[in-house]
Amino acid sequence: MEDEKSTLIGIQISAEGAQVTWYDPSLEEPQTLSLPGEGEDGLISVPADAWKGALRGGRFGMQSLGKYMTRLIGMVPGSPSMETLRVCVTVPNLTQEMGEHLIACLESLGIERKNLFLQDWRTSFYYYVVSMKKELWSGDVAFIRVRNMQMEGSILHIDRTVRPWVVTIQETASADVSDRARGKRSEEDWNKERDRIFYEFLGKLFERRNVTTSYLYGKYFDRSWAERSFQYLTFRRHAFQGQNLFSKGACYSLMIRLGLRQIPDMLFMGVDMVTHNIGMRLRVKGREQYQVLIPAGVNWYEAHSRIEMIPDGESSVTILTTPMEGGETVGRVLRLDHFPDRKNRATRLRMTIYFSSAHRCEIEVEDLGFGGITPSSGKVWKRQVIL
């Protein structure tokens, strides 16, 4: 298979830094770059202009982003060609605008759109966790980091009472470790206070949960001051610390998508996931049938459908939405107001459906005319559906 010969690259990028993990058939497991000149936190510095390009685009920003992405990909051993790459970029929070900029940038480097994937850090963490040994996620899994001098803790929970298993990530604890919390304490007193804060934070995070593994992101946490907390953290539990959770999770997601690694049947309820099945009834060879246009469970930035149809007396288009967990199917009508006066079945319509956020579906219908018989009017009808 072609994918079995490809090089898979997971790129973790934010304003704070980047990390790159890759996998090819010569490796047993994905490997993360370790380079001279990396920051003390293990991250590769990201030029401000490149990050602005990802956020806001613009000619100069996109050029800077393109050069930076070329540099990151060029660091992967073996100098793989762009034609053999499968790339997943993971960012803290993914917006439609950022997704468009990242895709356009990577396509300009010669990577086909079908070989490009995007996801947020929560999704990457999910893929990382379920790619580890099952004993590490036999219970709940904790993710702990410090951001903007706030200690944050989230819990990944797998509901095994349903099929497929449903996976959720919820932030359940936080604590202030800023200068305001430190006050005028000496270094020694602050270390004791930090240990106390961290210990109480863990108690809240683990309360009434069977946490089997914890992942500490970054280098903030240190046994030199968190002695009591680390003893509690590791008592009958596994604990790991590092900076490549997201780039490695992105690489694992590629392996799973391409069938190079198997996981149990799961449904990740991420913030980026489409929670409704989108479809419509179409007449095919004289018989009406239901057709799925966008299935629930895909990331909104990968949800896209385009079909063409010939209306038979209809002056509207009806999209059917059904919650993935069951429930009432709702018809969403897009009225084709001021439709051109034509003979019946003498018009082709192109309908495009995409998402601008996880819960905002965009529907567009374009009048294509009918070949050389009926010219297009140029009309486009639009409707936004909130799910």
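We count residues from 1, following the sequence as given. From a predicted model like this one, the values you see are computed outputs, not experimental measurements.
- Heavy atoms from other residues, nucleotides or ligands lying under 6.0 Å from CZ of Arg160 number more than 12.
- Nearest heavy atoms, Met324 versus Val274: SD-O, 4.2 Å.
- If you look at Trp225 and Tyr220, their ring centroids are closer than 6.0 Å.
- In terms of modelled atom types and a separation under 3.5 Å, the side chain of Asp140 and the main chain of His157 share no donor-acceptor contact.
- Note on residues 340-381: pairs passing ring-ring contact (aromatic ring centres under 6.0 Å, His included), not counting sequence neighbours, are Phe339-Trp381.
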Query raised in the report: Going through the checks in order, is the side-chain contact (heavy atoms from CB on, under 4.5 Å) test met by Leu387 and Ile278?
Result: CA-CA 11 Å; Leu387 299 171; Ile278 312 295; 4.0 Å; yes
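- Between the OH atom of Tyr215 and the CE atom of Met132 there is a distance of 6.0 Å, given to the nearest 0.5 Å.
- A donor-acceptor pair is defined here as one N or O able to donate and one able to accept, closer than 3.5 Å; such a pair exists between the side chain of Glu314 and the backbone of Asp312.
- Closest of all the heavy-atom pairs between His101 and Arg56 is CE1-C, 3.2 Å.
- Between Tyr217 and the options Arg147, Glu152, Gln243, a side chain to side chain donor-acceptor pair (under 3.5 Å) holds for only Gln243.
- Linking Ile, Leu, Val, Met, Phe, Trp and Tyr residues whenever their side-chain heavy atoms come within less than 4.5 Å places Ile256 and Met266 in a single cluster.
- At distances below 3.5 Å, at least one donor-acceptor pair connects side-chain atoms of Thr213 with backbone N or O atoms of Leu136.
- For Glu288, the CD atom counts as densely surrounded, since its 6.0 Å shell holds more than 12 non-hydrogen atoms of other residues, nucleotides or ligands.
- One hydrophobic cluster, built from ILVMFWY side chains closer than 4.5 Å, cannot hold both Val91 and Val271; they sit in different ones.
- Note that the CG atom of Leu254 and the OG1 atom of Thr7 stand 11.5 Å from one another [nearest 0.5 Å].
- Looking at Ser64, its side chain never comes within 3.5 Å of a backbone N or O of Gly61 through a donor-acceptor pair.
- Taking the salt bridge (Lys or Arg N to Asp or Glu O under 4.0 Å) definition, one finds that Arg237 meets it with nothing, sequence neighbours left out.
- Side-chain N or O atoms of Arg113 include one that pairs as donor or acceptor with a backbone N or O of Leu116 at under 3.5 Å.
- No side-chain N or O of Ser356 forms a donor-acceptor pair with one of Gln96 less than 3.5 Å apart.
- For the pair Arg257/Cys88, a side-chain contact is recorded, criterion being any heavy-atom separation below 4.5 Å from C-beta on.
- Cys361 places none of its side-chain heavy atoms less than 4.5 Å from the side chain of His276.
- In this structure the side chain of Thr168 never reaches within 4.5 angstrom of the side chain of Asp159, judged on heavy atoms.
- In this structure, Asp179 places its CG atom where only 12 or fewer heavy-atom neighbours from other residues, nucleotides or ligands lie under 6.0 Å away.
- Side-chain contact between Ile197 and Trp190 is present, with heavy atoms from C-beta onward closer than 4.5 Å.
- No more than 12 heavy-atom neighbours from other residues, nucleotides or ligands sit within 6.0 angstrom of CD on Glu328.
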Requested in this report: In sequence, state the C-alpha distance, the side-chain angles, and the governing distance for Lys204 and Glu200, and then conclude on salt bridge (charged side-chain N to carboxylate O under 4.0 Å, His left out).
Outcome: CA-CA 6 Å; Lys204 182 179 179 181; Glu200 291 185 356; over 6 Å; no
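- Using cut-offs of 30° and 60° for the angle between ring planes, the Trp121 and Phe246 rings count as parallel.
- Residues Val330 and Ile353 are members of separate hydrophobic clusters, defined by side-chain heavy-atom contacts under 4.5 angstrom among Ile, Leu, Val, Met, Phe, Trp and Tyr.
- Taking CE of Met69 as the reference point, atom CG of Leu109 lies at 8.5 Å (rounded to 0.5 Å).
- Residue-environment remark: CD (Glu97) exceeds the threshold of 12 foreign heavy atoms within 6.0 Å.
- The backbone N or O of Leu8 lies less than 3.5 Å from no partner atom in the side chain of Ser6, so there is not a single donor-acceptor pair.
- The side chain to side chain donor-acceptor pair (under 3.5 Å) with Thr352 is formed by just one residue from the set His304, Arg306, Glu366; it is Arg306.
- Rounding to the nearest 0.5 Å places OH of Tyr232 at 13.0 Å from CG of Asp195.
- A salt bridge links Arg182 to Glu187: one of the charged nitrogens lies within less than 4.0 Å of a carboxylate oxygen.
- Both Val146 and Ile144 belong to a single network of hydrophobic side chains, linked directly or stepwise wherever heavy atoms of I, L, V, M, F, W or Y lie under 4.5 Å apart.
- In this structure, the side chain of Thr70 engages the main chain of Gly66 through a donor-acceptor pair within 3.5 Å.
- Checking Glu16 against Ser14 by side-chain atom types alone, a donor-acceptor pair falls below 3.5 Å.
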**Report entry** Stepwise side-chain contact (heavy atoms from CB on, under 4.5 Å) check, Leu368 with Glu308
**Finding:** CA-CA 9 Å; Leu368 300 179; Glu308 293 185 5; 3.7 Å; yes
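- Other residues, nucleotides and ligands contribute more than 12 heavy atoms inside 6.0 Å of the CZ atom of Phe240.
- Under a hydrophobic-cluster definition in which Ile, Leu, Val, Met, Phe, Trp and Tyr are linked whenever side-chain heavy atoms come within less than 4.5 Å, directly or via other members, Tyr199 and Leu216 are assigned to the same cluster.
- Under 4.0 Å is where a charged nitrogen must lie from a carboxylate oxygen, and between Glu29 and Arg261 at least one such pair does.
- With hydrogens and angles left out, the side-chain atoms of Thr21 and Asn244 include no donor and acceptor closer than 3.5 Å.
- The side chain to side chain contact (heavy atoms under 4.5 Å, CB included) test applied to Glu28 returns no partner, not counting sequence neighbours.
- Taken to the nearest 0.5 Å, the CZ atom of Phe143 stands 10.5 Å off from the CZ atom of Arg122.
- Inter-residue side-chain proximity for Met75 and Val20 is flagged as unmet; no heavy-atom pair is nearer than 4.5 Å.
- Side-chain contact check for Leu102 versus Leu65: some heavy-atom pair is nearer than 4.5 Å.
- Summarising the geometry of Ser45 relative to Arg71, their closest heavy-atom pair is O-NH1, 4.2 Å, with the distance given to 0.1 Å.
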Query - Residues Trp22, Leu27; criterion side-chain contact (heavy atoms from CB on, under 4.5 Å); working and verdict - result: CA-CA 9 Å; Trp22 85 98; Leu27 301 172; 3.5 Å; yes
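- Across Gln119 and Ser253, no two heavy atoms sit closer than the pair OE1-OG, 3.4 Å.
- Residues Gly331 and Thr318 come closest through the heavy atom pair CA-CG2, 3.9 Å.
- With contacts defined as side-chain heavy-atom distances shorter than 4.5 Å, the pair Ile73/Ile11 qualifies.
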Query raised in the report: Do Leu336 and Leu349 pass the side-chain contact (heavy atoms from CB on, under 4.5 Å) test, and can you show the C-alpha distance, the side-chain angles, and the key distance before you say yes or no?
Result: CA-CA 11 Å; Leu336 308 180; Leu349 300 177; 3.8 Å; yes
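- Side-chain atoms of Leu156 and Val167, non-hydrogen and from C-beta on, do get closer than 4.5 Å to each other.
- Considering every non-hydrogen atom in both Phe206 and Ala142, the closest pair reads CE2-CB, 3.9 Å.
- With a 6.0 Å radius and a threshold of 12 heavy atoms from other residues, nucleotides or ligands, Arg228 has its CZ atom at or below the threshold.
- To the nearest 0.5 Å, atom CD of residue Gln19 and atom CD1 of residue Ile13 are 12.0 Å apart.
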